[in-house]
A.B. asks: 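Just dropping this structure here.
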Protein chains: 2
Amino acid sequence: MAAKPSSARGKQSPRRGASVQPLQEPRGEPPLSLERIVATAVELLDAQGVDGLSMRRLADRLGSGAMSLYWHVDSKEAVFDLALDSVLEYRGPPRAPAPQDWRGEVVHMLEDWRASMLRHPWSASLLPRRALGPNILSRLELLSNALSRAGVAQADLNVAIWSLWNYVMGATITRGSFELSDNDRVAAQQRLADLGERYPTIERSHLLLDDNWDGTFRKGLDFLLEGLAPKQ
Amino acid sequence: MAAKPSSARGKQSPRRGASVQPLQEPRGEPPLSLERIVATAVELLDAQGVDGLSMRRLADRLGSGAMSLYWHVDSKEAVFDLALDSVLEYRGPPRAPAPQDWRGEVVHMLEDWRASMLRHPWSASLLPRRALGPNILSRLELLSNALSRAGVAQADLNVAIWSLWNYVMGATITRGSFELSDNDRVAAQQRLADLGERYPTIERSHLLLDDNWDGTFRKGLDFLLEGLAPKQ
DNA sequence: ACCTGAACACCGTTCAAGT
DNA sequence: ACCTGAACACCGTTCAAGT
């Protein structure tokens with residue numbers, strides 16, 4: 001993730017006069033590279049959000065001129081695509097799963113997927129707009145495979161996969177967005193109470209205050225899986 | 001939606017010299033108003049997408065200076081909020097539903113919700129970032145109500161509501177985004193085929209070519225509802 | 001092959017004025 | 001009360017050059 005230590009710097013660049021303090025250069029920036037650009041873009045996105053990523057700021061962080069980026073990268077869009085994909089790799093469950101435990105496998109992968117996106121809150125809302133990077137495809141393949149083993153009919157397979165996709169994406173985008181505004185949520189629930197009888201049911205169940213996101217995600221996922229492949 | 005016909009124009013504005021063609025003024029713009037701003041913003045968003053809405057362009061369409069908008073509206077963000085809410089009203093099913101038909105009621109509302117957002121493709125991805133306008137709250141209230149009648153336990157009610165929310169939002173955001181790039185989807189499926197054995201299952205089921213969006217949405221919704229409130 | 005600065009055509013918003 | 005233009009501090013990207 002962090003920039004690589006040192007070594008390279010344009011081969012024989014004349015290095016104008018070995019100065020008095022050769023240790024700790026002002027900034028020993030390694031040369032630009034796709035890798036470094038993507039890693040830094042992820043850092044910047046994590047720190048400042050989608051609106052915080054500008055080509056000029058990214059170049060600043062990399063210690064280069066803004067236009068230098070365009071030699072490595074087609075456009076700002078491409079930076080988004082690359083940053084997104086770099087964040088969605090799946091390494092699988094800690095131990096090889098029992099082959100009949102399709103449910104555990106699916107739940108683990110989906111919770112990991114969600115967790116990866118929440119670690120990089122800009123990623124979830126970007127994904128549906130682009131999708132289809134190799135890391136996502138692997139996850140879908142895993143899903144498809146597990147659901148087949150679960151006995152989902154071939155004709156229902158795509159429906160089942162998209163349902164899970166929808167559920168995960170909806171949950172994660174929502175959570176990533178709401179999180180930023182905890183105060184707002186309390187304020188909203190208060191407004192609900194003030195409005196009194198217009199929304200009696202959701203006011204009573206404190207829908208907007210419910211902040212057990214992880215538990216809610218898991219329970220809802222169980223319901224959905226139950227609908228897709230009933231236990232009996 | 002369109003600008004109102006005529007009448008007003010700053011009362012006694014001197015109207016420099018009643019010219020030769022008094023019919024069909026250059027543009028008989030009515031004065032600015034929140035209503036007109038919001039309606040025009042929706043038009044502009046429909047036509048140009050989220051990135052197409054700028055305060056300057058919006059002002060142009062309204063025949064005013066860019067800064068005039070700020071008298072009626074706090075910021076560009078506020079314009080988004082208002083445009084979004086204006087697009088999400090629910091008028092209910094065509095006929096009063098049988099009170100025991102909670103499922104029909106839920107399905108109708110959710111399909112209408114999805115359809116409203118697809119009519120304005122910018123709206124779905126905006127909603128999770130803001131949520132909580134009165135029109136959305138009404139829809140959640142309806143959901144809560146129907147699910148109670150369906151026999152969902154009080155303790156599961158919020159989970160059930162958020163599950164449906166997640167499903168609808170995920171489905172609609174995904175569809176709204178993929179739609180723009182039909183060619184890409186075919187290309188992606190082709191790439192899948194080329195990659196051959198890396199993704200055998202989803203390649204075989206033509207996951208990425210499936211374009212029966214409405215049917216898939218409906219079937220998946222049925223699975224989810226079955227999980228939330230089993231028929232027996 | 002890799003990097004650069006100047007320039008273009010845009011942004012949202014502050015401010016001090018105008019009517 | 002309502003609208004305005006100039007100005008500020010930004011954008012992404014094209015282009016013609018530099019090494």
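Keep in mind that what you see is a predicted model, and the values were worked out from it rather than measured. Proteins get letters first, then strands, A, B, ... in listed order; numbering begins at 1 in each.
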A.B. asks: Rounding to an integer number of angstrom, what distance separates C:dC2 and D:dA17 when you compare their C1' atoms?
C.D. replies: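 Those two atoms are separated by 13 Å.
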
A.B. asks: So if I define the base as every atom that isn't primed, P, OP1 or OP2, how would nucleotides 6-17 of chain D read as a B/S/- string at a heavy-atom cutoff under 4.0 Å?
C.D. replies: B----BBBB---

A.B. asks: Given that both pair distances must be under 3.5 Å and the pair must be Watson-Crick or G-U, what runs of three or more consecutive pairs involve DNA chain C?
C.D. replies: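 DNA chain C forms these stems: C:4-8 with D:12-16, C:12-16 with D:4-8.
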
A.B. asks: Output every pair passing side-chain hydrogen bond (donor to acceptor under 3.5 Å, both in side chains) with a member in residues 63-78 of chain A, not counting sequence neighbours, ordered by first then second residue.
C.D. replies: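 Of all non-adjacent pairs touching residues 63-78 of chain A, those that pass side-chain hydrogen bond (donor to acceptor under 3.5 Å, both in side chains) are A:E77-A:R130.
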
A.B. asks: Do A:R175 and A:D214 meet the salt-bridge criterion of a basic N to acidic O distance under 4.0 Å?
C.D. replies: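 Yes, A:D214 and A:R175 are salt-bridged.
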
A.B. asks: Would you say a side-chain N or O of A:H72 is under 4.0 Å from OP1 or OP2 of C:dC3?
C.D. replies: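 A:H72 to C:dC3 OP1/OP2: side-chain N or O found under 4.0 Å.
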
A.B. asks: Is it true that the NZ or CZ of A:R114 lies under 6.0 Å from the centre of A:F217's six-membered ring and within 45 degrees of the ring axis?
C.D. replies: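 The answer is yes; both the distance and angle limits are met.
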
A.B. asks: Taking only residues two or more places apart in sequence or in another chain, which ones pass side-chain contact (heavy atoms from CB on, under 4.5 Å) with A:R204?
C.D. replies: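 side-chain contact (heavy atoms from CB on, under 4.5 Å) check on A:R204 returns A:T201.
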
A.B. asks: Looking only at the side chains, is there a donor atom on one of B:W162 and A:D210 sitting less than 3.5 Å from an acceptor on the other?
C.D. replies: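 B:W162 vs A:D210: no donor-acceptor pair found between side chains.
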
A.B. asks: B:R119: what forms a salt bridge (charged side-chain N to carboxylate O under 4.0 Å, His left out) with it, not counting sequence neighbours?
C.D. replies: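 Salt bridge (charged side-chain N to carboxylate O under 4.0 Å, His left out) check on B:R119 returns nothing, list empty.
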
A.B. asks: Does B:R139 pair with B:D112 as a salt bridge, N-O distance under 4.0 Å?
C.D. replies: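 Yes, charged N to carboxylate O under 4.0 Å.
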
A.B. asks: Tell me, please, which residues at least two apart from B:L88 pass side-chain contact (heavy atoms from CB on, under 4.5 Å).
C.D. replies: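 B:L84, B:W113, B:M117, B:L127, B:N135, B:I136.
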
A.B. asks: Distance check, C1' atoms only: D:dC10 and C:dA9, in whole angstrom units.
C.D. replies: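 The same atom, C1', in both gives a distance of 13 Å.
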
A.B. asks: Separation of B:W71 atom CH2 from D:dT4 atom C1', in whole Å?
C.D. replies: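 In whole Å, D:dT4 C1' and B:W71 CH2 are 15 Å from each other.
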
